[in-house]
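Worksheet for the structure shown next.
Labels below follow one simple rule: chain letters A, B, ... track the order of the sequence lines, proteins then strands, and each chain is numbered from 1.
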Amino acid sequence: MLRTHTCGELRKSHVGQIVKLCGWVDHQRDQGGLAFLWLRDRFGKTQITFSPEAGSSPEEAQQLLEQARGLRQEFVIAVEAEVMQRPEGGENKALATGEIELRPLKLEILNRSDVPPVQPSIPELPSEEIRLQYRFLDLRRPDMQKALELRHRMVKIMRDYTDEHGFLEVETPVLGRSTPEGARDYLVPSRVHPGRFFALPQSPQLYKQLLMIAGYDRYVQVARCFRDEDLRADRQPEFTQLDIEMSFITIEDIMGMMDGLMARLAKEVLGLELQLPLPKMSYQDAMERFGHDAPDLRFGMEIVDLTDIAGQCDFRVFRETADAGKRVRAIVVKGSADEFSRKRIDELTLWTQENFGVKGLAWFKLADEKTLQSPIAKNFDAPLHEKIIERLGMAVGDVAFIVADTFETSCRALNGLRRRLGKELKLYDPATMHFSWIVDFPMLEFDEEEKRWVAVHHPFTSPLPEDAHLLDTDPRAARAAAYDIIINGFEAGGGSIRIHDNALQRKVFGLLDIDEETAKDRFGFLLDALRFGAPPHGGIALGVDRLAMIFAGLDSIRDVIAFPKTAKATDLMTGAPGSVDEKQLNELRLDVKK
RNA sequence: GGAGAUGUAGCGCAAUUGGUUAGCGCGUCGGCCUGUCACGCCGAAGGUUGCGGGUUCAAGUCCCGUCAUCUUCGCCA
């Protein structure tokens, strides 16, 4: 047996025992006649003390000390040792094993290490580039190990919870067929069928619906999904979702099931009691009040509409915006006017223009309780000043930022501004967690570029029953039976009640400009299945990586993924994607031209 | 596809307005130290400043291009 215990488990109660430990040399301290060494594995660290009492004789003690001096960071060693209580006052409270130390009897080097570019023993982080290139070393860092452990616990809770509620985990294919609706697919060429391709799943959406039709009510899968789109701090080209589908249910049933799961995760992982049911907000409300369908509700700073007042002022930009049916909207920063010098406002204006395409960013401060102060203030008469101050609820010391543009652009700009200011001005405690549902999404939106309707959620989403008739008369107004779960401004998951009626599904395909032939070719199996007793069903998918990131209080999804990819979707460690032999290409009958 | 930031020793960083031999900490190597806790002392080695071009008497510093990493807009049914 190489070891009897891990590096994290020895306590006072083990004192006197002879144990065997294996691990990596974390760091050392040589004091001449006395040396200390910390042995690390993913369970913890244990101190080994090389003193004249080591071994069974002074000669052995000296030999062990010499051996210890030859050790370097990240060497892999095995020690046989006696567990000793540390001398009075020599405990290390920062270490779980800090009450004991090991008196070594035998030491063996199992493997050596080059000087590591990443030092797991120091808290200072190397650049992300180095971390990803030497991920196997970065993963030795206790922070990474904690993050992956937390992720494991969350997934375990998800599996336990769904199992206890009668869910069945079913695996669905990774090699499927491409459905160009939605995100770009990762394609896999077929050798057996030259010129034809599999697609990696963007989600197991259709398979889980087919499982419902097959009668496998209450399906769950921890599913890997792939999307060939550009990355972000919270987006990877391959990611994991907790995929769920249920039959004979209502929206409330699914939300209730997820509320329970969230409460359990919050309780067991963070020790937080969630108030259930989780609050709900309509999409329309979210856009009006926060400018985004995944608002960060940990702080206020709600958007206020000024369009009607703007229509009465002499400031041409505002009046013309209002007259054109666009919007003039504002957010107010409470009590921080002093922090917004002209220079800072200019910088914010430029940032807003460059990132969100607004033409400008207007602002008001208060000169006194009744008078606005701003380069554009003179374009407003006194009653308008008072109206604006009242509408915005401004007090002296507040500053308001106003965007005049289309509804969509003002949403983007004000949401961006709101998030940035909320973070910069520390308007919320980063440790708080805010869960909510966003409901009543529109079912369709018009894609101006492609000049056609596209599904906001996906083409299999059912309209709300009371809105189904709008598909014939006013598709824009039809609301979907869809819902997103939002945590701290992140979309942590989303789902919908699906269409289970063949005719309705065909009608929606028609609205989406998918003609009968294409629908049959791409989704024929679904349309077929819908003719053979499809039960009403619906489900949800939770972003496992994002949930783990949020619960761990981290800013990047990469920190909860063992082997993540860079912003350009490459793997710095393996070099993937790599080139392949001509032989492989020939077998696939692929011709790669640069 | 666009925008911004960054790139200097194995790692993290510094280097006035362009101006001697590019510094500091950690690590590495050598020496000393009997109670340390990533943190004692002394000494040494270690650099094509991402890469290519340009401006200049002189470039880590300015300009152009390029590559990489991060952030972000577009994109992400």
Query raised in the report: Are any side-chain N or O atoms of A:E229 and backbone N or O atoms of A:R184, one a donor and one an acceptor, separated by less than 3.5 Å?
Result: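 Yes: the side chain of A:E229 pairs with the backbone of A:R184.
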**Report entry** Donor-acceptor under 3.5 Å (A:T46 side chain, A:C7 main chain)
**Finding:** yes
Does the [N] base have a donor-acceptor partner in the side chain of [X] within less than 3.5 Å?
| X | N | value |
| --- | --- | --- |
| A:R86 | B:C37 | yes |
| A:R29 | B:G40 | yes |
| A:D230 | B:G74 | yes |

Query raised in the report: Should B:U71 form a Watson-Crick or G-U wobble pair with both distances under 3.5 Å, which nucleotide is its partner?
Result: B:A3
Query raised in the report: Under a 3.5 Å cut-off for both distances, is B:U20 Watson-Crick or wobble paired, and to whom?
Result: none
So, is [X] near the phosphate of [N], with a side-chain N or O under 4.0 Å from OP1 or OP2?
| X | N | value |
| --- | --- | --- |
| A:R235 | B:C75 | no |
| A:S127 | B:G12 | yes |
| A:R227 | B:C75 | no |
| A:R72 | B:G27 | no |
| A:S121 | B:C26 | no |
| A:R69 | B:C33 | no |

Query - Which residues share a ring-ring contact (aromatic ring centres under 6.0 Å, His included) with A:F356, sequence neighbours left out - result: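 Residues passing ring-ring contact (aromatic ring centres under 6.0 Å, His included) with A:F356: A:W351.
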Please report, rounded to the nearest Å, how far the [atom2] atom of [N] is from the [atom1] atom of [X].
| X | N | atom1 | atom2 | result |
| --- | --- | --- | --- | --- |
| A:E354 | B:C73 | CD | P | 14 Å |
| A:L71 | B:U28 | CG | C1' | 16 Å |
| A:R420 | B:C73 | CZ | C1' | 14 Å |
| A:I130 | B:C13 | CD1 | C1' | 14 Å |
| A:L125 | B:C13 | CG | C1' | 14 Å |
| A:E124 | B:G12 | CD | P | 9 Å |
| A:N92 | B:A38 | CG | P | 6 Å |

Report task. Looking at every strand, decide which applies to A:P87 at a 4.0 Å heavy-atom threshold: base, sugar-phosphate, or nothing. Result ->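 If one applies the 4.0 Å heavy-atom cut-off, A:P87 turns out to touch a base.
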Report task. Assign A:D30 to base, sugar-phosphate, or nothing according to its heavy-atom contacts below 4.0 angstrom with the strands shown. Result ->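 Base: the residue A:D30, judged by heavy atoms under 4.0 Å, touches a nucleobase.
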Query raised in the report: When you check the gap from the basic side-chain N to the acidic O, do A:R452 and A:E450 get nearer than 4.0 Å?
Result: yes
Requested in this report: Just grab all the salt bridge (Lys or Arg N to Asp or Glu O under 4.0 Å) pairs involving residues 34-52 of chain A, residues at least two apart or on different chains.
Outcome: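 For residues 34-52 of chain A, and leaving out neighbouring residues, the salt bridge (Lys or Arg N to Asp or Glu O under 4.0 Å) pairs sorted by first residue read A:R3-A:D41, A:D26-A:R40, A:D26-A:K45, A:R40-A:E74.
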Report task. Choose from B:U72, B:G10, B:C70 the nucleotide whose nearest atom is closest to any side-chain atom of A:Q119. Result ->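 Given the options B:U72, B:G10, B:C70, the side chain of A:Q119 is closest to B:G10.
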